[in-house]
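Everything on this sheet refers to the single structure shown next.
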Amino acid sequence: MSGHGYIGGTNRLAGDAIDTRVGNEREDQWGEMPARIVSFNPSKQTATIQPLLMKRLNGVPTSLPELHDVPVRFTRAGGGSVTYPIAAGDKVTLRPQMRSSEAFHSDGGDDGYAASDGRSFNLSDMEAFLDGGESLTDPIPNFDPRNLHIRANASGSFGMKMSQDGKVAIEGAEGNVYDILAQVVEILGVLTTTVSGGSSAGIWPITQQPELAALAAKLRAMAL
């Protein structure tokens, strides 16, 4: 155990030396950390990223170096994917790899790959995930605790919401798409036709009014 009080230039126990080496080894093993996008390459989906955690060197908090060509991981499966516009300053979560990933990123490695060297949990192999990396002082504004919310802007005023009972809202620059569609169908449902002459002269409702009214009711029922 450490804390014997013998660590110094000439006085040192073997246990203290071992403890110091183990501690240094642990501190050099990187785990997940928040980071900030410096620049993003959309064609390669890689980024230059500044880690936000600092390492103490001789007791002084010191910034880590920028990481280059960091893979940015988007949700992707079954032939589909969800992508986001990435801007400088966006926060991400950096995650280390257990072994070097150079071979995997050079040949695809679908059938497995051999690590190019013995490094482990290294800064050079970090990958960025779009989980966010903000502190608790910067929560998502206007969070909706009841519905799935796909947000197109920071405030959440534009985007899509979906409820567990199948109701949907698509909020755009001119309003709720479902509400606009319902208004169109409701207007169509009360339109009339004017016949100016002959035995059929007069104002007549269009024959599809009941069908249009039913469609409008469906749209209203499905609108969140």
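Remember, it's a predicted structure, so these values are computed and weren't measured experimentally.
By the 4.5 Å heavy-atom criterion applied to side chains, Q97 and R119 are not counted as neighbours. Between P42 and F40, some side-chain heavy-atom pair lies under the 4.5 Å cut-off. Taking 4.5 Å as the limit, some side-chain heavy atom of P51 sits within range of a side-chain heavy atom of L94. Within the 4.5 Å cutoff, the side chain of N147 has heavy atoms near those of the L224 side chain. Proximity of F74 to V82: side-chain heavy atoms (C-beta onward) are nowhere separated by under 4.5 Å. Counting heavy atoms from C-beta on, the side chains of S155 and N142 come closer than 4.5 Å.
Side-chain N or O atoms of T93 include one that pairs as donor or acceptor with a backbone N or O of G132 at under 3.5 Å. Listed for the D179 side chain is no donor-acceptor partner under 3.5 Å among the backbone atoms of N176. Within the 3.5 Å criterion, the main-chain N or O of S157 finds a donor-acceptor partner in the side chain of N153. Under a 3.5 Å cut-off, the side chain of K167 and the backbone N or O of A221 do form a donor-acceptor pair. Side chain of D125 to main chain of S101: a donor-acceptor pair is present (N/O by atom type, distance under 3.5 Å, no hydrogens or angles). Side chain of R151 to backbone of A154: a donor-acceptor contact under 3.5 angstrom is found. Looking only at distances, no side-chain donor or acceptor of Q183 sits under 3.5 Å from a matching main-chain atom of Y178. The backbone N or O of G59 lies less than 3.5 Å from a partner atom in the side chain of R56, making a donor-acceptor pair. Under the 3.5 Å distance criterion, the side-chain polar atoms of S100 are left unmatched by any main-chain donor or acceptor of E102.
Hydrophobic clustering (side-chain heavy atoms under 4.5 Å, transitive across Ile, Leu, Val, Met, Phe, Trp, Tyr) keeps F158 apart from M160. Following chains of ILVMFWY side-chain contacts shorter than 4.5 Å, one cannot reach I49 starting from F129, and the two form parts of different hydrophobic clusters. No continuous path of ILVMFWY side-chain contacts below 4.5 Å connects L67 to L52, so the two sit in separate hydrophobic clusters. In the hydrophobic clustering of ILVMFWY residues, with side-chain heavy atoms under 4.5 Å counting as a link, M162 and M222 come out together. Both L219 and L212 are part of a single hydrophobic cluster, where members link through side-chain heavy atoms under 4.5 Å apart.
Interatomic distance, I170 CD1 to L181 CG, rounded to the nearest 0.5 Å: 8.5 Å. Considering CD of Q45 and OG1 of T83, their distance stands at 8.5 Å, rounded to 0.5 Å. Note: D69 CG to N41 CG = 8.0 Å, rounded to the nearest 0.5 Å. Atom CD of E66 is separated from atom CG of L123 by 13.0 Å, given to the nearest 0.5 angstrom. Between L130 atom CG and Y84 atom OH the span is 7.0 Å, to the nearest 0.5 Å. Note that the CD1 atom of I37 and the CD1 atom of I86 stand 6.0 Å from one another [nearest 0.5 Å].
The minimum heavy-atom distance between P34 and L53, with the atom names listed, is CD-CG, 4.0 Å. Closest of all the heavy-atom pairs between V60 and T62 is O-OG1, 2.9 Å.
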Quiz item: For K91 and E134, what are the C-alpha separation, side-chain angles and deciding distance, and is it a salt bridge (charged side-chain N to carboxylate O under 4.0 Å, His left out)?
Solution: CA-CA 6 Å; K91 301 293 191 352; E134 291 78 10; 5.3 Å; no
Quiz item: Do V72 and T46 pass the side-chain contact (heavy atoms from CB on, under 4.5 Å) test, and can you show the C-alpha distance, the side-chain angles, and the key distance before you say yes or no?
Solution: CA-CA 5 Å; V72 179; T46 59; 5.7 Å; no
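More than 12 heavy atoms of other residues, nucleotides or ligands lie within 6.0 Å of CG in L148, so this atom counts as buried by the packing criterion. In the displayed structure, R36 atom CZ is contacted under 6.0 Å by at most 12 heavy atoms of other residues, nucleotides or ligands. By the 6.0 Å contact criterion, NZ on K218 is open, its count of non-hydrogen atoms from other residues, nucleotides or ligands being 12 or less.
No side-chain donor from either of H149 and E171 sits under 3.5 Å from a side-chain acceptor of the other. Using modelled atom types and a 3.5 Å distance limit, the side chains of R99 and S120 yield a donor-acceptor pair.
Ion pair R95/E32 flagged as a salt bridge, since at least one NZ, NE, NH1 or NH2 atom sits closer than 4.0 Å to an Asp/Glu carboxylate oxygen.
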